[in-house]
Each structure stands twice: as C-alpha cells, then as structure tokens.
Amino acid sequence: MNTPEKPQAPRAKREKPEPAPITQEQVLRAFTDNPTKVLAYRQLSRRLGVTTKGQREEIFAHIKALRKKGLILLLQNDEYRLADSEAVATALMPSSARKSAKKADLPVEPPRNLSVQAQFGQDPIVHRRRSAGFDYVDGDDRPERAPSNTVIGTVDLATPNFAFVVPEGTGNADDIRVFTDQLKFALQGDIVRVRLRSSRDGRPVGDVVEVLKRVRPEIVGRLQVQGTLGFVQPDNRKVYFDVFVPPHLLHDARTGDKVLVRINEFPEDSSRQPVGEVVRNFGAAGGHEAEINAIMAEFGLPFEFPQEVEEESEAISEVIAEDEIARRRDFRDITTFTIDPADAKDFDDALSIRKLENGHWEVGVHIADVTHYVRPGTELEREGKHRATSVYLVDRVIPMLPERLSNGLCSLRPHEDKLTFSAVFELDEKGKLYESWFGKTIIHSDRRFSYEEAQERIESKEGDYAEEINVLNDMAHKICAQRFKQGAITFETQEVKFRLDEHGKPLGVYVKERKDAHKMIEEFMLLANRKVAEFVFNLKKTKPRFTMVYRTHDAPEPERLQTFALFAQKFGYKLKLENPKKISTELNNLSSEVVGKPEQNVLQGLAIRTMAKAIYTTEPLGHFGLAFAHYSHFTSPIRRYPDMMAHRLLEHYLEGGKNVPAEPVEEECKHSSAREKLAANAERASIKFKQVEFMLDEVGNTFKGVVSGLTERGMYVEIEENKCEGMVRLSDIPGDEFELDKDNYRIVGRRTKRIIQFGDEMDVVVKSANLLDRTIDFELVDNRPDFVKKREAEERRTRGGGAPRGYRDYDKGGKSGGMAKGAHKGKRR
C-alpha cells in the first residue's frame, strides 16, 4: 500500500546577509587616512558606509575605546581628531614586526626629513583603506564550497576597489570580479585560485582562496616614517594597500624618499598590512632621477645588464671573416644610406638603390644581422629574450641588447662594412613590384641622414643623394596610395616629445611631426615586413603551414564600432559601419573630414582605441589596420626580439630546413606581446611625469584647450599646444552645479542647463601640478560679465550657497557630441 506523499514545504526565503560589522581598526583608519582633519560622527558614518542601528552603536563603542587608549581626542560635541600618531603607528604595526622591533630594542625617534612633507603637502602616515565591496561577505563565516566551484586565473587589477581574475584556458568565459578586500593581497599578474559565490549585473563575482604564484612581490612608492616605523604608499593607484616597513628594514631610507620595497610577509588577515623591506632607495620623491628610476622599477625594467652578458658582448670580434663575406651577397659598391632621428645611435635599417638595365629600380632594405652575433644558448640570447624589446623613456633608452651590439657591432654606421639580412625588391617608378629576394648580405653605408636632412633633399631637390631620395620618395607615395586603396586605415596617434636640459628638466613640449622622409622609410619597412611574411606563408601550400612569427591585428568588434559611430554622430559625422568591407573607407573619410577641427584629436584617438591591439602570434591572421593578409616584424632586430625570431626562422627555411614546432614559438610570441605592452605603459608614465614637471612652471598661466574626457568628478582638458592633460573638477566650474549625462556623453548644469561636451574649446588656468601623483589640475577662465559674477556672489550670500540663475544667456556653448572618459573602453570580456 502506497503512502501518500507529504506536500513539499514551501522554500524558505533567503535572508539577506547582515551588513558587515564595523571594526575598531576601520574607525581608527578613518582618522589615520586624514591625520590632520577633524571628523564628526556623521562623517565617520558616511565614510564607513553605516546603514543599520547596530553599526551605529558599534561606531560609538569604538570611539569610546579609542579615546580611552589615547588614540583620538574629543574636541567639542561629537568632533574628534587623531591624537598620538606615533602610538597609532605602533597599534597598526603587524605583530611580527612589533616583536622584531622589540627584540632589537630600537628607540622611538621623531620623524626625519619632513621637507618633502612640507613641500608636497602630504601627511606623515598614509594608509589606503580597503573598503568592503557592495556584496562583501566575511570570509571567516562563509561555509566551504566544493573544489569544483573554484577557478584558477590571473589577476588584472582594475581599480583600488576591485580586480578581475582572467580564467585560464576557458575560451569565452567571463572574467571574475574580486573586490580587493578578498584578494589576499594578490597583485597584477599573480596566479590565484578563486571561489565563485555570486554574480552582479550578469558578471561572476568571487573570492581568492589561495595565491598560487606571486609574480613580482615588489612595490614602488613613497616612504613615510613616523617615529621609527615606515609605510610605503604605492605609486601605482591600482595597488590597494600600503606596505609596512619595520625599523631594521628601512636601511637608512627617510620620509619622502621614493623606494622599491620587497614584500616578505603577506598576512592572512586583510585588515593588517603586508610587511616589506626597502631594497632600493631612489632618493627624494619628485626629483628627476628618483622618479624616472622609480618608473623603471615600477614596471620591472632592468637597470643594467648582468656581468656575464656584458662579458659575452665584449668578447665578440669586430673582424668580419673572409669566408663569411663569401657566403653573402655583396652590396658594398651600391649606393646605400641610413635615415634615422638626429639623436639615434642604433641604426638597424638602411636603403640601397640602383637603376637596372631594364629601367626598373632595385631597392634593398638591409637590416642589421643581429642573429649572426647573438647565438641560441648564450647569455646574450637569454637576456634579449627576457627583455624582448627596447624601452624608450623620455630621457633614456633601456636597450634590449648591450651597447657594444646595439650601437656598435650591429649598428649600420656609415663608412663601415656591416653584416645584414636583406629584402631586395625590383620596382618600377610607379611602385609596382616585379621580383623579391631574401638573404644574407654585406653592405657599406655611404651616408647617415637624419630625417631633417632627408626632408631637405625632398623639398629642395638639392644636396648629396637628392636624386636617389626623391626616387624612393615618389615610389613610397605610390605604394602608400595602393595600400590605402586596398583598405588600410589612416588614423595615427600623436607622439609627444620633450626638449630637456642637461639635468633632464623639460624646457618644452611638442608634438612630433611626421613628414615625407618619415613616411618614406615607413613604407619600405612595411613592404619588407609584408613580403617576408608572405614568402614564408607561401613556402608550403598545405596545412600545417611553416611556422612563422606574425604581427596580427584583428578587425574591431561590431559593438565597439557601433559605440564609436554613435559618438561620432554627436559631432555631426554619420558612419555606416555595418558592412565589414566598408569599415576602412568610412574611417578614412572621417579622418580626412576632422583634420584641423577641435574634435580631431578626440575622434582620432578614440578611433584608435576602438581598434583591437596588435599582437605577435604564429597564427597567420592578417593585419586589419594595414590591410595586409600576412605581416611580420623583420626590420628592427636590434630593439625587438620577435624580429630576431623572424630572422632565425627565415634563415632556417632559406637553407631548406623542415617546419619548426609552433608551440615554443607561440610562447615566445606571448611573452614578447606582454613585454611590449609593459614597455608602452612605462613610456606613457615617463611622458606623463615630464608633462606634470613641465607644467610646474606654468602654474597661474592660461592656455587654450579641448575637452578630452568627462567623468562624474570632473572634465579633462587637453592643452592644444603641448598636449598636457589636466582635470577641472565639476564642483569648480563657475555658474552652476554640473552632473554627468553619461548616455549623451556630456555634463549638464542643473539650473542653467548649460552643456559641456567632448571637443568643446575651453580657456583654462593651470591651478596646480602634483609630481607625486602625476596629476595636473585646471580651473576654467570665467569669461562672464562682471555684473553676472557680482549677482552670483550676492545670490550665494543670500541663499547660503547653491547654483546661480541666469548664466545661460552668456554661455558660448560648444559643438555637439561627447563621451564619458573611459566609456570607450567597453566592458571586460
């Protein structure tokens, strides 16, 4: 007999988790973050995100306890401030470090060298508070989940509040958002195990349960010493914690010094701070050498070559053996020259030209034969592979290879026999290509031109080798026209350059101008890179093709293109980007239309960021931006490791070698792509520092600029003449209170409805320039009539604040369009 089933009980509603408790240390940190400020109870509540009665009671209890310990003082009513900062530093000191200091019997000394504090207006102790995420769950009370609910991935820091963990080998899986209080102090690039626990806005959220590999536990920042205790505040704003340095690990570093600290203790408790040791002191923060060296350390760039690498390079003979010359095609009697920047020392490419009997021209693109000197298995090879690229900071080059090679043996200096790897082309005067040849050569450069000297030959048609340069320039124009006809894109970024004095101080900032001489060299380098890639690809007609290093560039994602089209439409430009075959034509037409207009830099810069990033890979996927089916990097082996890889592979196949396994080459491609990205970030950081340093002497001066970004806090303005970018805070814009209208890419005045958008021209005054934060602050020039300003001041007095009326009549307005700064980046996928 079957027993009737009992009706299933209704599922209990999931109770909302209680808000995270407010700890005493959180309350204390609110004061240590602002050691000179007076904080009232309500301010504390807002800072700590108090939402419940229980949390309010906790704050009162903690304030009472902190007063009893003598850490904070009651001033009046419910207003408090930090009391004994030395006692606070000791209270915050990790227990292990406190024991170390006690064992060492170290005396408490007053802070040293407070001149930096006075100069830059920074507080003696700076702690970065890690506020809980909006769906924070206390890790200690969370039940363990099955191991199947964990994912291994790489940390990508996004903001001081959260990071993304990019899962390993999961294809199109979404990145996992992890709030920094649940990261276990993992840093950029670290490998972690993440436990998935929820999702917000369709994006998975998790917590780090284990840091599997710490890639680089070092941080660059400014040291603050209180008594004998040190704290390092990171330069990188994405790093979400300070590092505690006990007295015996300061190694004579002082308050205000820029230092490199190595973390040797990561606490389990996220409310504590990692403990580290000062391993390199760069000197007083704000100084030229200190800041540039700090940038090098921040991005892990090397300061010198290992001794064994230098010894290997010095041991290489300068003599070219006769049997080596005999194996090569000899170009020493053919007109050959180099064209490079005036201050260049590493000449890795040269052009030769001669007229053939059939009336065509033979043009040789000769590239330094670096792999002849840098052999596999050597220390030179290992160091070059690790560095992967030369890095060009504003005042120095961090080379991939030692100077003996980069500026000596391999550099194609004039009037010297040099070993080269060449791509030789037969072309007519219209730039039509008939034949190509690739192989090892020897050359003898007749002349070293700077770009300026070559440009003089192009413009005046006079001077030595003027005829040859003009023939090459005419062919380059025709090759370029054909490239754009096939769908290449014309958008280019502007390169900022500096005029520096002997101490590295910037005397001027300017935008590097690209003239015909630059474009001529570029076209022949593009031709060589493309033809080398095509040659290797076509050596084998069936899959798997011969392994090669390709430089690939994917077509932009349709969603990002449509976002860009909507943005351009705000300026009055209509783009039809639905047809993939018409994308390049539409973008090129836009590029031509915006030339000379205020929105030119904004639109061209955003168009470039809309594109995918070029990478190195063994997959022959083509290059969208250049409109090449196959493209490699062959022409700069002195400064790029992928070019050395391409040289070795091409030589191997020319000698009849079999196919090379792709996997090891692909790994080296990934490493080179990562190092290239790191180098670009370091170069940008050095440029930003020099721009801020330059603007220090311009405080109080007025400039014309263009709105280049909009956020909820303020609008960014880029000065037209020097490309320095700074912020005007929304609260400082005269005449109204402004809010970000993200959907329409603009800010709007609440009362006057005044609109400010991307590309609007603005007159700004340099308000301040902060070397430590690498930021520039502007304020708008108030061009309103005096009677409007007086009326506004009177209204503010009578109303006790608030926005004035009547500003709209005097607003000059601006062109339509705009996008919130950062909106173009799109969501992480």
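- Of the possible donor and acceptor atoms, none in the side chain of R413 sits under 3.5 Å from a partner among the backbone N and O of F347.
- With sequence neighbours excluded, the residues satisfying side-chain contact (heavy atoms from CB on, under 4.5 Å) with R684 are A680, N681.
- The ring-ring contact (aromatic ring centres under 6.0 Å, His included) contacts involving residues 642-673 comprise F421-H647, F546-Y653, F634-H647, where partners must be two or more places apart or lie in separate chains.
- One finds the NE2 atom of H630 at 10.5 Å from the NZ atom of K531 (value rounded to the nearest 0.5 Å).
- Considering every non-hydrogen atom in both S411 and S406, the closest pair reads CB-O, 3.5 Å.
- Side chain of E683 to backbone of L393: no donor-acceptor contact under 3.5 angstrom is found.
- Annotation: cation-pi pair R514/Y451 absent, no NZ/CZ under 6.0 Å from the ring centroid and within 45° of its normal.
- Panel note: side chain R387, backbone P399; a donor-acceptor pair is recorded below 3.5 Å.
- Panel note: side chain E312, backbone L380; a donor-acceptor pair is recorded below 3.5 Å.
- The six-membered or imidazole ring of F535 lies near that of F438, with a centre-to-centre distance under 6.0 Å.
- Checking E655, E381, E668 one by one against R648, the salt bridge (charged side-chain N to carboxylate O under 4.0 Å, His left out) holds for a single residue, E381.
- F337 and F449 have perpendicular rings, their planes meeting at more than 60° on a 0 to 90° scale where under 30° would count as parallel.
- In this structure, E403 places its CD atom where only 12 or fewer heavy-atom neighbours from other residues, nucleotides or ligands lie under 6.0 Å away.
- Across T441 and S422, no two heavy atoms sit closer than the pair OG1-OG, 2.5 Å.
- The cationic group of R551 lies under 6.0 Å from the six-membered ring centre of Y616 and within 45° of the ring axis, placing it in a cation-pi geometry.
- Side-chain contact of T552 with E619: a donor-acceptor pair under 3.5 Å is absent, judged by distance alone.
- Every residue meeting the side-chain contact (heavy atoms from CB on, under 4.5 Å) condition with R262, not counting sequence neighbours, appears here in chain and number order: E218, E277, V279.
- Note that CG of D446 is 12.5 Å distant from CZ of R332, once rounded to the nearest 0.5 Å.
- When all heavy atoms of V660 and L649 are compared, the closest pair comes out as CG2-CD2, 3.8 Å.
- Enclosure of atom CD in E314 by more than 12 non-hydrogen atoms of other residues, nucleotides or ligands within 6.0 angstrom is indicated.
- Atom-to-atom distance recorded for M645:CE and C669:SG is 4.0 Å, nearest 0.5 angstrom.
- Side-chain atoms of S313 never come within 3.5 Å of backbone atoms of L405 as a donor-acceptor pair (strictly under, hydrogens ignored).
- Around the NZ atom of K677, the shell of radius 6.0 Å holds no more than 12 heavy atoms that belong to other residues, nucleotides or ligands.
- N588 and T490 form a side-chain donor-acceptor contact under 3.5 Å, judged by distance and modelled atom types alone.
- For the pair I320 and I442, the tightest heavy-atom approach, listed with the atom from each and the gap, is CD1-CD1, 4.4 Å.
- Ion pairing between R404 and E310 fails under the 4.0 Å rule for side-chain N and carboxylate O.
- When every heavy atom of L603 is checked against every heavy atom of F564, the shortest pair comes out as O-CE1, 3.7 Å.
- Side-chain contact, E168 with T154: no donor N or O sits under 3.5 Å from an acceptor N or O.
- Looking only at atom types and distance, the side chain of Q188 has a donor-acceptor partner in the side chain of D156 under 3.5 Å away.
- When the side-chain contact (heavy atoms from CB on, under 4.5 Å) test is applied to K432, the partners found at least two apart in sequence or on another chain are D428, Y434.
- For R375, the side-chain contact (heavy atoms from CB on, under 4.5 Å) partners are H372, T378, not counting sequence neighbours.
- Aromatic ring pairs are classed by plane angle as parallel below 30°, tilted from 30° to 60° and perpendicular above 60°; the pair H633 and Y631 is perpendicular.
- Defined by atom type and a distance below 3.5 Å, a donor-acceptor pair is missing between the side-chain atoms of E676 and T389.
- D395 and H288 share a side-chain donor-acceptor pair at under 3.5 Å.
- Of all non-hydrogen atoms in I489 and S584, the two that sit nearest each other are CG1-CB, 3.9 Å.
- Using a distance-only test at 3.5 Å, with no hydrogens or angles considered, no donor-acceptor pair links the side chain of K670 to the main chain of A674.
- At distances below 3.5 Å, not a single donor-acceptor pair connects side-chain atoms of N236 with backbone N or O atoms of V220.
- Counting only residues at least two apart or in different chains, side chain to side chain donor-acceptor pair (under 3.5 Å) contacts with residues 336-345 are absent.
- In this model, no donor atom of one side chain and acceptor atom of the other lie less than 3.5 Å apart for H444 and D333.
- With N538 contributing its side chain and E534 its backbone, the two residues share a donor-acceptor pair below 3.5 Å.
- Distance check: M520 CE to K515 NZ gives 14.0 Å after rounding to the nearest 0.5 Å.
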